[in-house]
Amino acid sequence: MASSSRNNKKYDVFVSFRGEDTRDNFTSHLYSALCRQNIQTFIDDQLNRGDEISESLANAIEASAISVIVFSEGYGSSRWCLDELVKILECKKDYVQIVIPVFYRVDPSDVRNQTGSFGDSFSKLEERLKVNTEKLQTWRNALKEAASLSGFHSLNIRCESELTNEVVNHILKRLLDEVFQPRDNKNQLVGVESTVEEIESLLGVEWKDVYALGIWGIGGIGKTAIARAIFDKILGDFEGSCFLENVRDESQRPGGLACLRQKLLSNLLKDKNVMPYIDLNFRRLSRMKVLIVFDDVTCFSQLESLIGSLDWLTPVSRIIITTRNKQVLRNWGVRKIYEMKALEYHHAIELFSRHAFKQNHPDVGYEELSSKVMKYAQGVPLALKVLGCFLYKREKEVWESAIDKLQRILHPSILEVLKISYDSLDDKEKNIFLDVACFFQGEDVDLVMKFFNASGFYPEIGMSVLVDKSLIAIDSYNKITMHDLLQELGREIVRQESTNPENRSRLWYHQDIYEVLTYNTGTEKIEGICLDISKVKEIRLNPNTFTKMPKLRFLKFYSSSVNGENKCKISYLHDPRFAEVKYLHWYGYPLKSLPSNLTAEKLVLLEEPDSDIERLWDCVKHYSKLNQIIHAACNKLIAKTPNPTLMPSLNKLVILNLRGSKSLKSLPARIFNLEFLIKLDLSGCSKLKRLPEILSGNISWLLLRGTAIKELPSSIELLHRLGYLDLSDCKRLKCLPSSLCKLKSLGVLDLHGCSNLQRLPECLGQLSSPILLNLAKTNIERIPESIIQLFVLRYLLFNYSERLQSLPKPPFLARGYDFLVQGDFFMDKGHIVLPGNEIPEWFKFQSVGSFITLEMPPDSFNNSIVQGIVFSAILAFSDRHVDCGRWFSFSFELKVKTTKDCGPHDTRLFQSRVNYVESDHLHLGYYLLCEEDFNGFWKCNCIPEAVHFNVFPPLECQCCGVKKCGIHLLHTPDSMNSM
């Protein structure tokens, strides 16, 4: 019988006892202790009992999850007690009732065999019932069965209070483990087992003082559910425990914190009438091992009011705090902050299905619709449950309509929970949050910070607060990220400002913007517009459109289409009020010059890609105040060199993007001297034939793709910070200066498509930084030996060439693992692409296709015998593919199996970008295992099973992709000698 048949019982415990023996001693203490633990207990207090147990008493036994039988010396003389015993054992058989015997001052063998003093009392009853031998035998059998069960013996536990505590703790554990612990999958939490185990292990660590742990994350992510699961699992190990739910809500009520403190002390001290004397009560707690959960804490003062200081508690006590605000946890000095993550897809679909279909998977025909819900909910348990319940037993048409609606309007129940964090922000922080939600998802944080500074939002503290409250995050690429549901929250808040789009502060939905601009209904409420012009029809702008928007800070007309066109048509702008604009991006700007009243000291970004601007330099005043970027990829821009005297005024430039300026023939002589300029993009400037001489510069990115440059100036060596040099498709480039070898920071040199390039500098191997070198589709006659010998070569790609006269072999291609083990590596991985269609013979493991099975000893990783992996793969593209400049992700994954029976796991060890090549090529490289790899393998006791090579996006036909592959393991020198 499943525990679900027990956990709906009226009583947790039924106590069977002989009143004359234990009513006023052990049984009374046991009953009080059970009540203090809030264990619903039935005890028969009738002093006068009849010969037969009453029907109500029999029903009480059936309605209990556990029966405790207190065997005492006189228990066997009571017909009433023995009938209770028989009924209890019937319930054990029929309802899987838990039975716990307590032998109070009697020996279990005497009860089992009716001997000793217990046997004497039973004999007295036997004398009174000589004629009813069948009844007597039933009692004898019951006593024998019950006394054979595992229980508690008072003679082994001399102290009665200690006996009581042990019995109560055992009952509590049995209730948690077997009665209330959910066994039915429909009621279980999904995908939290590993999280619960990890947090439980953290709480189990011994510390000299109280261990406090914080669980942090966005609303609805499952913080409370995890905390409750851990609390229920471990509370039996503590003398006192309390789970204070909804601290935020309760503290906002009059006297709320006082009520919470009273509840905390009452639960911990197991005293409903505890007096509110804090010092005395906490002195009592200082002698107890307690477990406390403070759920949904919003500020430090709440914790101070509830518990004052952790100094009151014993070092073995444990505190768990759930919050959306990381700063609360820092202030409290928690040992560990555990960040709650969204559910993985397979767990998310299971949780959703339990509510939407009452099973662990979607119904047939609903898989695609369910997948759309998964994309929307992004693994947030609250959203999955709410939407599952909302869509339960609804027709497909309703599903489709609801999903379409959700793309624009957040479900009210989800909105209510998520908005709590937003409501706790001040006005500046709210503006930052709304701007990110409407405009800046995925943008570079440095640029956005400058925009917010220009807007007067104090972003240094504001952004920090949003991060602490899980409203935004900064990823490893320095980009601002925000959960999709939080982005929808921000946009829903803006939508609720007005039913009319023109009266909202921010516009991003293309249909709303189209109507406002087409019908010229803009108002002073509008602060930002972000329009993807590829999604709308042609817009005829009124000349005074922007004069109605004096508070406009952000204006972005962009195209998500590769071949976008300008759809915003206007003949002139009537004195546009751009005085407050900090961010101006206008794809295909239709006028010859920029608005005359752009305020340069407020301008953070100016981008006019593919526009018709002819004059830039004399239309923006106060160049020295320009903060960040001028991006003017314009077809007709700078037909002649601008006035050199203007260059010092551009000294604040960080990025100059002149991509696609087809009229540009030359650059100002001092362009490289701009102090803060780090990126210069001249891609597509097809008439640019030369660069000016370089005196100094801090440029890190120099993009010259598709220019008419024939050679680079030798003074390029003065660009000491140059890390990325793109010369791809420079058809007229014939040679590179030897001074290029002095660029110690160069990491990428792209010469792809330089069809006139015939040679490389012999000294290129002198480069000291890890380098990616692309020589595909060049006309190089000879590869310098120094390049192949380059230890720091990260990636090398080149094709067959009719003029290629010599191709030195990489050392490890000829000498195998000796080179890799003995080499003085600067890099933990390397990748070379060579023409060829055969795997080198020295690769121990080889296979046709993209999958290799490995046969390795179980302790290969544990003893650090394997130091790295050399890989090889033949990658092919069919004739149907064309070179469109597209890059592919090439990777290999090590498939391992742990000894914990958790199945196989994929560990991606290597990933690199590759692009189209016309013939079969050999991809050859290595990966050296790091300490983190070894620790992970050791922790899981991994056994390597196979290696799988992947190309993403997948190539379209079977004749493409990985045709052959090989793996060779790098071993320590000692282990190689023994092989």
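Hydrogens, waters and symmetry mates are skipped; everything else that's a heavy atom, side chains included, is used.
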Within the 4.5 Å heavy-atom criterion, are [X] and [Y] side-chain neighbours or not?
| X | Y | value |
| --- | --- | --- |
| Ile403 | Tyr376 | no |
| Glu245 | Phe243 | yes |
| Leu425 | Phe433 | yes |
| Val380 | Ile414 | no |
| Ile474 | Thr481 | no |
| Ser370 | Ile349 | yes |
| Glu200 | Ile234 | yes |
| Asn950 | Phe892 | no |

- prompt: Within 45° of the six-membered ring axis of Phe352 and under 6.0 Å from that ring's centre, is NZ or CZ of Lys385 located there?
  reply: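 Verdict for Phe352: no cation-pi partner in Lys385.
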field: Geometric cation-pi criterion Arg318 and Phe238, 6.0 Å radius, 45° cone
entry: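 No, Arg318 does not sit over the ring of Phe238.
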Provide the closest heavy-atom pair for [X] versus [Y] in the form atom of the first, atom of the second, distance.
| X | Y | answer |
| --- | --- | --- |
| Gln496 | Leu415 | NE2-CD2, 3.5 Å |
| Ala377 | Leu384 | CB-CD2, 3.7 Å |
| Arg495 | Glu492 | NE-OE1, 3.0 Å |
| Ile66 | Arg174 | CD1-CB, 4.1 Å |
| Val210 | Ser317 | CG1-O, 3.6 Å |
| Asn246 | Asp295 | N-OD2, 3.2 Å |

Over 12 non-hydrogen atoms of neighbours within 6.0 angstrom of [atom1] in [X]:
| X | atom1 | result |
| --- | --- | --- |
| Lys372 | NZ | no |
| Glu368 | CD | no |
| Gln252 | CD | yes |

Thinking salt bridges, do [X] and [Y] make one under a 4.0 Å N-O criterion?
| X | Y | result |
| --- | --- | --- |
| Lys341 | Glu339 | yes |
| Arg228 | Asp232 | yes |
| Glu250 | Arg253 | yes |
| Arg354 | Glu350 | yes |
| Arg408 | Glu488 | no |

State, without any angle test, whether [X] and [Y] hold a side-chain donor-acceptor pair at a distance under 3.5 Å.
| X | Y | value |
| --- | --- | --- |
| Gln302 | Thr298 | yes |
| Gln359 | Ser353 | no |
| Thr322 | Asp296 | no |

Please report the interatomic distance [atom1]([X]) to [atom2]([Y]), rounded to the nearest 0.5 Å.
| X | Y | atom1 | atom2 | answer |
| --- | --- | --- | --- | --- |
| Thr323 | Lys326 | OG1 | NZ | 11.5 Å |
| Lys393 | Lys358 | NZ | NZ | 9.0 Å |
| Ile215 | Ile221 | CD1 | CD1 | 12.5 Å |
| Ile321 | Leu213 | CD1 | CG | 8.5 Å |
| Ile432 | Ile480 | CD1 | CD1 | 9.0 Å |
| Leu285 | Ile292 | CG | CD1 | 7.0 Å |

task: Walk me through it: do Asp475 and Lys479 pass the test salt bridge (Lys or Arg N to Asp or Glu O under 4.0 Å)?
output: CA-CA 5 Å; Asp475 67 14; Lys479 305 292 184 183; over 6 Å; no
- request: Would you sort out whether Arg324 and Ser421 count as a side chain to side chain donor-acceptor pair (under 3.5 Å), showing the intermediate values?
  value: CA-CA 7 Å; Arg324 306 178 188 206; Ser421 296; 3.1 Å; yes
Could you check whether any side-chain N or O of [X] sits under 3.5 Å from a backbone N or O of [Y], counting only pairs where one atom can act as donor and the other as acceptor?
| X | Y | answer |
| --- | --- | --- |
| Trp216 | Ile337 | no |
| Gln441 | Met482 | yes |
| Thr314 | Met288 | yes |
| Ser371 | Glu367 | no |
| Gln487 | Leu485 | no |
| Lys92 | Val99 | no |
| His483 | Gln378 | yes |
| Asp426 | Glu429 | yes |

- request: Could you walk me through whether Leu244 and Leu264 pass the side-chain contact (heavy atoms from CB on, under 4.5 Å) test, one step at a time?
  value: CA-CA 7 Å; Leu244 279 187; Leu264 174 67; 4.1 Å; yes
- prompt: Given the rule in the side-chain contact (heavy atoms from CB on, under 4.5 Å) test, do Asp12 and Thr41 qualify, once you have shown the distances and angles that lead to the verdict?
  reply: CA-CA 6 Å; Asp12 299 326; Thr41 305; 5.8 Å; no
query: Using the benzene-type ring in the case of Trp, are the ring centres of Phe390 and His411 under 6.0 Å apart?
result: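 Ring centres of His411 and Phe390 closer than 6.0 Å.
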message: I'd like to know whether the aromatic ring centres of Trp399 and Phe357 sit less than 6.0 Å apart in this structure.
response: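 Yes; Phe357 has its ring centre under 6.0 Å from that of Trp399.
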- request: Give the ring-plane orientation class for Phe152 versus His170, where under 30° counts as parallel, over 60° as perpendicular and anything between as tilted.
  value: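 Judged by the thresholds at 30° and 60°, the geometry between Phe152 and His170 is perpendicular.
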task: Walk me through it: do Val328 and Asn325 pass the test side-chain contact (heavy atoms from CB on, under 4.5 Å)?
output: CA-CA 6 Å; Val328 171; Asn325 189 351; 4.0 Å; yes
message: Run the side-chain hydrogen bond (donor to acceptor under 3.5 Å, both in side chains) test against Ser424 and tell me which residues pass, sequence neighbours left out.
response: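 Partners of Ser424 by the side-chain hydrogen bond (donor to acceptor under 3.5 Å, both in side chains) criterion, ordered by chain and then number, come out as Lys469.
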- request: List the steps, then state whether side-chain contact (heavy atoms from CB on, under 4.5 Å) holds for Phe300 with Glu304.
  value: CA-CA 6 Å; Phe300 177 68; Glu304 278 191 315; 3.2 Å; yes
